Each structure stands twice: as structure tokens, then as C-alpha cells.
Amino acid sequence: MAKATFRAPRGTRDMLPEDLVLIQHLERTARSVAVSSGFAEIRTPFFEETRLFTRSLGETSDVVSKEMFTVPSRAAGGEDGGNSYTFRPEGTASVARAYVNGGYAAKAPLQKWYYLGPMFRYERPQKGRERQFTQFGVEAFGAASPLLDAEVVDLAVRFFEALGFGSELEVRVNTMGDPEDRDRWRERLKDYFRPQLATRCADCQDRFERNVFRLLDCKVPACVEANQGAPALAEVLGPEASAHHEGFLAALRALGREPVIDPSIVRGLDYYTRTVFEVHYPPLGARSALCGGGRYDGLVEEFGGQPTPGVGFAVGFTATELALQELGLPPAQDLADLEAELRPQVYVAAVSEDERGPALALASELRRAGVRPVVLDYRGKSLKAQLKEAGKSGAAFTVVLGADEVSTGTAVLRDMQAGEESSLPQPELAAQILRSASTTS
RNA sequence: GUGGGCAUAGCUCAGUUGGUUAGAGCACCAGAUUGUGGUUCUGGGGGUCGCGGGUUCAAAUCCCGUUGCCCACCCCA
């Protein structure tokens with residue numbers, strides 16, 4: 001242990017083969033759910049010009065102000081124009097930029113895309129939070145209809161359902177209104193809170209300038225009480241944004257996703273307009289939030305594109321993995337099926353050194369015939385040790401090759417579970433193994 | 001950025017009021033008569049007790065510092 005002088009950087013981890021069983025299951029589920037709703041994959045660079053994020057997420061957002069992994073410019077005025085780059089802390093900004101650069105506004109405005117990959121935030125790691133984490137997200141551009149908002153929410157919920165989450169899944173929604181509404185609301189809130197600022201908690205005093213909306217979901221009892229008379233967004237919400245919100249709620253109900261209206265959902269990023277939502281799973285307790293998203297109608301325009309509405313969400317896999325673990329998902333049987341992919345189907349054992357070559361050739365032959373995976377020993381283990389290793393590997397069969405078998409072109413096929421073995425011609429091995437595999441699974 | 005907890009073999013942990021060559025279980029490797037696994041038995045490899053100082057005749061065990069990890073807050077996926 002003392003010799004391990006290097007380790008994965010703080011807040012990162014190695015995803016070892018055995019860990020990937022679950023992670024790949026998440027990835028496959030995400031892709032399958034997204035594709036079934038007509039979302040196509042998009043991949044953008046892992047890093048972008050820093051300004052892309054400061055512009056879209058907001059200078060004062062926590063992400064921008066203290067959580068960015070930024071690489072300073074290496075050549076002022078050189079090929080990178082003196083720009084600094086930042087490893088993406090989220091996916092929406094990059095995807096919106098790609099939409100603009102791809103010229104979709106003119107040629108095919110309606111685009112439904114999904115992405116899956118690593119994101120980076122320079123934060124203090126803790127349970128369910130890492131500096132490098134995987135996010136699955138979808139973005140739909142080119143339509144302002146609240147039906148699309150509802151479809152995106154439905155997709156998020158279906159992802160969790162496909163993973164085995166139960167009917168307790170909860171869709172919590174709110175609206176941030178249009179930018180003008182939000183500006184008006186912000187001023188109203190500041191006017192309301194300013195006089196009582198001295199009596200608020202330290203966090204609230206700090207949040208006042210950074211993001212007033214946050215004072216609304218403070219958990220300190222005195223603050224909660226002081227929030228009672230705070231002006232509501234409804235008081236300043238424009239008729240269009242209001243109609244959109246109603247349409248969104250109606251569409252959710254049509255989908256059978258009864259929304260829980262939660263005014264405390266405010267989201268930390270500047271680009272959100274109108275719809276904001278989170279999917280929660282109350283059985284998880286304090287860490288019940290599984291994903292979040294919303295509408296960002298001004299973002300594409302902000303990046304220099306034609307005014308184009310957009311809506312999307314993102315799920316962090318770190319929290320999802322934790323949730324699955326707490327809920328005992330996937331079920332043992334499903335997990336066993338997933339892990340089966342790591343288990344060899346056949347182990348080819350050589351009795352003595354003389355059969356090492358023929359064993360290698362036979363293994364290759366079996367692989368070509370479609371048996372998979374086929375493994376064997378390379379470390380000069382005794383037959384006994386090879387059998388032991390075969391048993392430990394979980395291989396369904398072991399093929400034993402000795403001098404007699406080599407001379408007669410046969411092989412001993414041992415069924416590891418039953419402990420029975422039979423001798424048969426080598427050309428018949430593959431068929432026998434594959435037949436047995438298809439009847440057991 | 002703030003607060004708290006923990007650091008002993010690959011893993012999970014014991015190590016009594018500081019005292020001889022630091023232990024267990026699991027894992028790993030090799031054997032138990034001649035070409036065979038999963039049970040059992042025997043043996044073996046593996047630790048500068050996170051690191052650096054200090055106290056002491058003597059420290060894994062006490063004190064200080066340092067680093068790392070974990071948890072919570074802020075915030076968020």
C-alpha cells in the first residue's frame with residue numbers, strides 16, 4: 001500500500017471491470033430510452049472556451065465562480081487567441097453551441113439530441129459528488145410547445161423506471177417565467193428581503209447578491225418564516241409564460257405524470273426560462289433528487305444563433321449509482337445476467353506442456369466458431385490449478401486436452417456445474433457448448 | 001471555502017493501562033502417490049503500523065505537525 005505513490009486524483013475514481021457492469025447497464029438503458037423517443041446522440045469536446053460557460057451559466061453562479069477546471073491560455077495572441085479553456089461542467093452549453101455552429105436553425109430547426117459522458121467540476125468531493133462524473137442528458141431544440149417540455153420529463157422518468165425505480169417517482173415542477181418576468185421578480189424579492197437582511201442567516205446574506213431566489217428555499221426555520229410574505233412569481237408572470245406553464249402541466253397530466261408543483265425549485269444556472277423541473281424519489285430521503293432540467297429559450301440566441309427555443313435535462317450517474325445501491329437494484333437475477341458477460345464460457349486446459357500449443361489453437365478455433373469468451377492458462381499452471389482457475393472464473397465448461405486427445409483429435413468436455421465429462425471429436429465441441437448455452441439462458 | 005471523523009497486510013478488521021521477531025478472517029500461491037476444480041488439511045509469500053518530528057530505557061499504542069480519505073454545510077448531477 002505504501003508503494004502506491006500515485007492514486008486517482010481527488011474526486012475521481014477508476015471504473016474497474018467489475019464496476020463497469022453496473023455503469024454500462026446505466027449507459028445502455030440511457031441510450032435505449034433516448035433513442036426510443038427519437039433522440040440522436042451528439043458528442044462535443046470535453047473542453048470549451050471558458051467564455052462559453054461564463055456567458056451561459058452566469059458569472060455569479062457557483063459553477064462558474066468557483067467550480068471550473070480551467071486551463072490557462074498557453075499562448076496569448078497565439079493560435080488559441082489567448083483564450084483559456086475549461087473542462088465542461090455541464091452539457092447544455094456545448095450542445096447549444098454545436099447546434100448553432102452546425103447551422104441547424106436554418107436547415108432543420110427541430111433537433112432532439114442526447115449526450116452521455118464525463119463532466120468536470122472543481123468541488124469538494126463527498127457522497128454522491130465527484131470532480132469527474134458522468135452525465136446523461138437530452139436537449140430538444142426548435143419547438144416552444146409545452147408538449148415538448150412534457151415529453152422530455154416523461155423521458156427522464158422512463159429512464160428511472162427502466163432502471164427499476166417504482167411508482168414513487170415524483171415530478172416536481174416550477175416556472176421561472178420569461179427573462180423579463182424573472183428580472184421583475186428578482187427586484188421585487190430584493191426589495192422585500194433587503195429590510196430583513198440583518199436578521200437572516202449568514203448563508204442568506206451571502207445568497208442575497210449572488211442569487212436571491214435561493215433565499216426562498218432556505219431551511220433555517222427563522223428564514224422559512226420570514227419567507228411567508230415574499231412576493232410570488234405569479235404576481236409578475238406574463239400571460240404567455242403563464243399559458244405555457246398551464247399547457248405544460250396539462251400535458252404532463254395527459255401523460256399520466258401527475259406533477260408536484262414546487263415553488264422552491266429554482267435551479268442554479270442563469271439560462272433557464274419558463275419550465276424547470278426535477279425528478280425525485282422520496283424513498284431515498286435527503287438525497288432524493290435524481291435529475292434536473294428545464295427550458296432555455298434564450299440560450300441559442302445568446303450564442304449568436306437565430307432565436308431558438310430549447311428544453312432538456314441531465315442526470316448525474318454518481319447519484320444514480322448510489323440510489324440503485326440503496327434500493328437494491330438491479331434485482332439479483334438481472335445483475336447476475338449482466339455479470340455473466342464477464343464470465344468465460346469455456347476454459348481450455350492443457351494436461352502437460354506438450355499440449356499448450358494445441359490448446360491455444362483449439363481456443364482460437366472455438367472463438368472463431370462463436371464461443372465467447374474462451375480463456376486459458378499462460379502461466380504454466382498444473383492441470384489441477386487450471387481446473388481450479390476454471391472453476392473460479394465461472395466458466396460453464398472446461399475442455400481438457402492431453403496427449404491421448406491430441407493424438408486422436410478429440411477432447412474431454414467437462415461440465416463444471418454437473419461435474420460430468422465426455423469425450424468427443426474436437427470439431428463438435430463448439431456446437432455442443434453453444435447448444436448447452438442457449439438452453440440454459 | 002467552513003466544520004467533524006478516520007488512517008495497521010490486496011480486502012474487512014484485532015491489537016488490552018506504551019514492553020520481546022505486529023495478528024486474525026478472506027483473498028493469493030504451492031503441496032496432500034502417478035491427467036482433474038468447487039469441501040477439508042498442511043505450508044508459504046505479503047506490512048518502514050499514512051508521512052515527519054517529539055516524549056521515553058522502550059511507541060502501532062502518548063504529544064505536535066503534515067498529507068490522504070470519508071462525512072456534513074455551501075452548491076449541485
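Just so we're clear, the structure is a prediction, and the values are computed from it rather than from any experiment. Every chain is numbered from 1, with letters handed out A, B, ... down the list of sequences.
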Whole-Å distance between B/U39 P and A/K384 NZ?
->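 Nearest whole value for this atom pair: 12 Å.
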Gap in Å between the two P atoms, one belonging to B/A7 and one to B/C51, rounded |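 Pairwise P distance, B/A7 against B/C51, rounds to 14 Å.
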When the P atoms of B/G3 and B/G18 are considered, how many whole Å apart are they?
->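 That atom pair is separated by 32 Å.
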Identify which nucleotide among B/G35, B/A30, B/G68 has an atom closest to any side-chain atom of A/A385, counting heavy atoms from C-beta outward.
->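 The answer is B/A30, which lies nearest to the side chain.
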Pair A/E209 + A/R214: basic N to acidic O under 4.0 Å |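 Salt bridge flag = no for A/R214 with A/E209.
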Between B/C28 and A/K392, is there an OP1 or OP2 to side-chain N/O distance shorter than 4.0 Å?
->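 Yes, within the criterion.
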B/C64 and B/G5, which share atom name P, separated by this distance in whole Å =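 My reading of the P atoms in B/G5 and B/C64 gives 13 Å.
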Charged N to carboxylate O under 4.0 angstrom, A/R414 versus A/E420?
->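 Looking at A/E420 together with A/R414, the answer is no, because their closest N to O distance does not fall below 4.0 Å.
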Protein-proximity profile, nucleotides 70-77 of chain B, B/S/- by nucleotide at the 4.0 Å heavy-atom cutoff, equals -SSBBBSB
Euclidean distance, atom CZ of residue A/R356 to atom C1' of B/G35 [Å, nearest integer] |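 Whole-Å distance recorded here is 13 Å.
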Report the distance from atom CG of A/D415 to atom C1' of B/U36, rounded to the nearest whole Å.
->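 Taking atom C1' of B/U36 as the reference, CG of A/D415 is at 14 Å.
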Measure the acute angle between the ring planes of A/Y296 and A/Y271, then classify it against the limits of 30° and 60° as parallel, tilted or perpendicular.
->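 Perpendicular, since the angle between the ring planes exceeds 60°.
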Does A/D178 pair with A/R182 as a salt bridge, N-O distance under 4.0 Å?
->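 Salt bridge flag = no for A/R182 with A/D178.
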With C1' as the reference atom in both, quote the distance from B/U17 to B/U56 in angstrom, rounded to an integer.
->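 Their C1' atoms lie roughly 16 Å apart.
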Can you tell me how far C1' in B/U12 sits from the matching atom in B/C6, rounded to whole Å?
->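 These two C1' atoms come out 15 Å apart once rounded.
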So which protein N/O to nucleotides 40-42 of chain B N/O distances come out below 3.5 Å?
none

How would you label the contact of A/E90 with the nucleic acid (heavy atoms, under 4.0 Å): base, sugar-phosphate, or nothing?
->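 No contact.
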Starting from P on B/G35, measure out to CG on A/L383 and report it in whole angstrom.
->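 That distance rounds to 9 Å.
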Considering only heavy atoms and no angle criterion, is a donor-acceptor pair shorter than 3.5 Å present between the side chain of A/E405 and the base of B/G35?
->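 Side chain to base: pair found, below 3.5 Å.
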Is it true that A/R343 and A/E341 make a salt bridge, defined as a side-chain N closer than 4.0 Å to a carboxylate O?
->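 A/E341 and A/R343: not salt-bridged.
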Ion pair A/R121/A/E130, N-O distance below 4.0 Å =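 No salt bridge links A/R121 with A/E130.
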Kindly indicate whether the side chain of A/R7 and the base of B/G68 share any N or O donor-acceptor pair separated by less than 3.5 Å?
->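 There is none.
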What does A/E421 touch in the nucleic acid at a heavy-atom separation under 4.0 angstrom: a base, only the sugar-phosphate, or nothing?
->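 The answer is base, as A/E421 lies within the cut-off (heavy atoms under 4.0 Å) of a base atom.
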Note: A/R274-A/D149 ion pair, threshold 4.0 Å (strictly below) =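 No salt bridge links A/R274 with A/D149.
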Expressed in angstrom and rounded to an integer, what is the separation of A/D377 atom CG from B/U36 atom P?
->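 From A/D377 CG to B/U36 P: 15 Å.
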Once you round it to whole Å, what is the distance between P of B/G31 and NZ of A/K388?
->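 Answer to the nearest Å: 10 Å.
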Looking only at atom P, what distance separates B/G54 and B/A72, rounded to whole Å?
->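 Approximately 38 Å lies between the P atom of B/G54 and that of B/A72.
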Nearest-Å distance once atom C1' is located in both B/G50 and B/A9 |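 Those two atoms are separated by 14 Å.
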Using a distance-only test with no angle check, is there a side-chain donor-acceptor pair under 3.5 angstrom linking A/R158 and A/S37?
->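 Per modelled atom types, A/R158 and A/S37 side chains form a pair under 3.5 Å.
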Watson-Crick and G-U pairing of RNA chain B written in dot-bracket, each distance under 3.5 angstrom, with | for inter-strand partners | (((((((..((((.....[...)))).(((((.......))))).....(((((..]....))))))))))))....
Any ion pair linking A/E187 and A/K190 (charged N to carboxylate O, less than 4.0 Å)?
->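 Salt bridge absent between A/K190 and A/E187.
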Whole-Å gap separating P (B/G38) and CE (A/M416) =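 A/M416 atom CE is separated from B/G38 atom P by 9 Å.
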Sugar-phosphate, base or nothing in reach of A/M119, heavy atoms under 4.0 Å |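 Result for A/M119 = nothing.
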Presence of salt bridge, A/R88 and A/E48, under 4.0 angstrom |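 A/R88 and A/E48: not salt-bridged.
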Can A/K66 be said to sit on top of A/Y122's aromatic six-ring, NZ or CZ under 6.0 Å from centre and within 45° of the ring axis?
->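 Output no; distance or angle outside limits.
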Salt-bridge test for A/E41 and A/R43: reply yes if a basic N is under 4.0 Å from a carboxylate O, no otherwise.
->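 Counted as a salt bridge, because a side-chain N and a carboxylate O are separated by less than 4.0 Å.
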Taking the same atom, P, in B/A14 and in B/A24, what whole-Å distance lies between them?
->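 Straight-line distance between the two P atoms is 16 Å.
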Salt-bridge test for A/R97 and A/E49: reply yes if a basic N is under 4.0 Å from a carboxylate O, no otherwise.
->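 Not counted as a salt bridge, because no side-chain N and carboxylate O are separated by less than 4.0 Å.
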Would you mind classifying the nucleic acid contact of A/G419 as base, sugar-phosphate or nothing, using non-hydrogen atoms under 4.0 angstrom?
->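 A/G419: base contact, heavy atoms under 4.0 Å.
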